[in-house]
Amino acid sequence: MVKSRPHIILSAAMTLDGKIASKIGDSKLSSRKDKIRIHKLRAQVNAILVGNNTVKRDDPLLTVRYAKGKNPMRIVLDSKATIHPKSRIIKTCSKIPTIIAVSKKASRKAIANLEKYPLEVVVLGKNHVDVKKLLKVLARKKIKKILLEGGGTVNWEFVRLGLVDEAIVTIEPYLVGGKDATSLVEGQGFTLISKSTKLKLQKVMPQGNEVVLHYTS
Ligand SMILES: NC(=O)c1ccc[n+]([C@@H]2O[C@H](COP(=O)([O-])OP(=O)(O)OC[C@H]3O[C@@H](n4cnc5c(N)ncnc54)[C@H](OP(=O)(O)O)[C@@H]3O)[C@@H](O)[C@H]2O)c1
C-alpha cells in the first residue's frame, strides 16, 4: 500500500535521565561519533523538521557536515512566523531548501517579511501549525522520509498524533536532572501507559560511552 504521509523518524540525543537539554537549554550532548552517525542519517532523508524553540535555543544549520551526502530540506514549525532573520537557517536558505510552516496566528507583516527570503512559507492551522495537514503538503512534494529532530514539544505533537514510525535515540552518559530541563517528549503526556505509544526494540548499538537505541512502531 502506498503511504499517504511521509515516514517519520524521531531522532535525539538524551541523557540517561531522559533530558534532551539542561534547564538553561544546553543541549551539547553528542559525541563526534554520534554527530557522524546523525549526519549520515540526515543524508538518507528528504527533510529534517524542528520546532521554533530549537531554532531559537540552538540556532542549528540542520545540514550534512560530518558525513558526505546531500542536504535534506529543512522544515521549521513556527506558528507566528517569528524566526529570526539572523538565524543560520534563514541565512542559508538560498542554498538549502527551507519551509517555514506557520499558522493563521502569524501576522501578514511577519509572513511578508519571511517571504522576502528564498524559502517557502506554508500557512496551516489556527493557533499552531496543523501537523497532519503539513504532512499532506509534504507528501505532495514527494517528501517520503522526515527526520524529526525535536525538541520535546514538537516530539510530543508527533507522538500524540501517532505519527512516530521509528525512533533512534542515543543515550548519553549524563545525569543532568532538573524539572525544567527539556525531556525527550514534553507536552501533556498520556494518562495511562496502556494508552501511550509502544514501540518495538529493533537494535541496540553500543558506541563508545554511548548506546544508540533503534525502535520501530
Ligand atoms: N538533544 C537533542 O537531540 C535535541 C534536539 C532538538 C532540540 N533539543 C533541545 O530542545 C529544546 C527545545 O525544545 P522545546 O520543547 O522547548 O521546543 P521545540 O519542540 O523545539 O519547539 C516548540 C515550539 O514549536 C512551535 N510549534 C508550532 N506548531 C507546533 C505544533 N503543532 N506542535 C508543537 N509545537 C509547535 C511552538 O511555538 P510557536 O507557537 O511559537 O510556533 C512550540 O512552542 C532546546 O533546548 C533544544 O536545545 C535537543
Side-chain angles (χ1 to χ4, degrees), residues 5 8-31 33-35 37-39 41-42 48-63 66 74-84 87-89 99-107 110-111 114 121-138 146-164 167-176 178-189 207 210-213:
R5 64 163 178 85
I8 310 292
I9 307 169
L10 184 155
S11 166
M14 77 174 188
T15 63
L16 186 53
D17 53 332
K19 312 291 189 191
I20 58 170
S22 74
K23 63 181 180 183
I24 63 152
D26 181 7
S27 62
K28 287 181 187 64
L29 286 164
S30 298
S31 66
K33 248 189 189 165
D34 205 47
K35 282 182 186 152
R37 183 194 61 75
I38 291 171
H39 284 226
L41 183 58
R42 284 181 176 178
I48 302 175
L49 186 148
V50 296
N52 177 16
N53 286 350
T54 294
V55 175
K56 282 189 181 141
R57 290 274 191 178
D58 300 350
D59 194 17
L61 266 173
L62 306 177
T63 54
Y66 288 83
R74 288 118 23 123
I75 304 161
V76 180
L77 304 192
D78 180 17
S79 310
K80 297 180 216 79
T82 58
I83 187 166
H84 203 281
S87 65
R88 297 206 291 170
I89 289 193
I99 293 182
I100 308 296
V102 306
S103 74
K104 288 182 182 140
K105 271 268 159 104
S107 68
I111 294 176
L114 270 186
V121 179
V122 293
V123 186
L124 300 160
K126 205 171 157 204
N127 295 316
H128 290 293
V129 178
D130 186 322
V131 164
K132 282 191 173 172
K133 283 189 186 154
L134 173 63
L135 293 186
K136 278 189 191 153
V137 170
L138 297 174
I146 296 177
L147 201 59
L148 173 61
E149 290 204 28
T153 307
V154 166
N155 288 347
W156 164 248
E157 183 73 346
F158 279 76
V159 170
R160 180 180 79 81
L161 296 169
L163 294 170
V164 174
I168 305 175
V169 176
T170 307
I171 310 290
E172 303 289 354
Y174 303 106
L175 293 165
V176 70
K179 60 178 168 41
D180 296 327
T182 312
S183 297
L184 177 65
V185 183
E186 287 281 333
Q188 292 213 319
Q207 183 180 263
E210 310 160 317
V211 185
V212 184
L213 301 175

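We count ligands from 1, going down the list as the structure has it; atoms in each ligand are counted the same way. This chain uses plain numbering: 1 for the first residue, then up along the sequence.
Looking only at heavy atoms of the protein, atom 10 (O) of ligand 1 is closest to Ile20 CD1, 3.6 Å. Given atom 28 (N) of ligand 1, the protein heavy atom at minimum distance is Val129 N, 3.2 Å.
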Original post:
Checking side-chain hydrogen bond (donor to acceptor under 3.5 Å, both in side chains) for the pair Thr170/Asp34: CA distance, chi angles, key distance, verdict?
Top reply: CA-CA 8 Å; Thr170 307; Asp34 205 47; 2.9 Å; yes
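Within the set Val185, Asp130, Asn52, Val169, the minimum heavy-atom distance to atom 40 (O) of ligand 1 is found for Asn52. Of all the listed residues (Arg57, Lys23, Lys19), Arg57 holds the heavy atom that lies closest to atom 44 (C) of ligand 1. For atom 47 (O) of ligand 1, the nearest non-hydrogen atom from the set Thr82, Leu124, Asp58, Val55 comes from Asp58. If you check each of Val154, Val102, Asn155 against atom 34 (N) of ligand 1, the one with the closest non-hydrogen atom is Val154. In this comparison of Leu77, Ile83, Thr15, Ile24, the heavy atom closest to atom 26 (N) of ligand 1 sits on Leu77. Of all the listed residues (Lys80, His128, Glu157), His128 holds the heavy atom that lies closest to atom 36 (C) of ligand 1.
Polar contact check, Leu29 against ligand 1: no nitrogen or oxygen pair lies under 3.5 Å apart. Of the N or O atoms in Thr182, none lie within a sub-3.5 Å distance of an N or O in ligand 1. When only interatomic distances are considered, the shortest N/O to N/O separation between Ala21 and ligand 1 does not fall below 3.5 Å. Residue contacts with ligand 1: Ser27 is placed with a nitrogen or oxygen under 3.5 Å of a nitrogen or oxygen of the ligand (distance criterion only).
Residue contacts with ligand 1 for Asn53 involve both N, CA, C or O and side-chain atoms from C-beta outward (heavy atoms, distance under 4.0 Å). Counting heavy atoms under 4.0 Å from ligand 1, residue Val131 touches it through the side chain alone. Residue contacts with ligand 1 for Met14 are absent, since no atom lies close enough (heavy atoms, distance under 4.0 Å).
Counting the atoms of ligand 1 from 1 in the order shown, those under 4.0 Å from a heavy atom of Gly25 are 45 (O), 47 (O). Each of the atoms 41 (O) of ligand 1 lies under 4.0 Å from some heavy atom of Asp78. Numbered from 1 in the order shown, with element, the atoms of ligand 1 that lie under 4.0 Å from a heavy atom of Ala12 read 3 (O).
No donor-acceptor pair under 3.5 Å is formed between the side chain of Asp180 and the backbone N or O of Lys23. At least one donor-acceptor pair closer than 3.5 Å links the side chain of Arg42 to the backbone N or O of Thr63. Of the possible donor and acceptor atoms, one in the side chain of Arg74 sits under 3.5 Å from a partner among the backbone N and O of Ile89. Side-chain atoms of Ser27 do not come within 3.5 Å of backbone N or O of Ala21 as any donor-acceptor pair. The backbone N or O of Val176 sits less than 3.5 Å from a side-chain atom of Asp17, completing a donor-acceptor pair. Of the possible donor and acceptor atoms, none in the side chain of Arg57 sits under 3.5 Å from a partner among the backbone N and O of Asp26.
Proximity of Val50 to ligand 1 is not established, as no heavy-atom distance is less than 4.0 Å.
A donor atom on one side chain and an acceptor atom on the other are not found under 3.5 Å apart for Glu149 and Thr54.
For the residue pair Ile38 and Ser30, the shortest heavy atom distance occurs at CD1-OG, 4.3 Å. The two atoms that bring Thr153 and Glu186 nearest to each other are N-CB, 3.8 Å, heavy atoms only.
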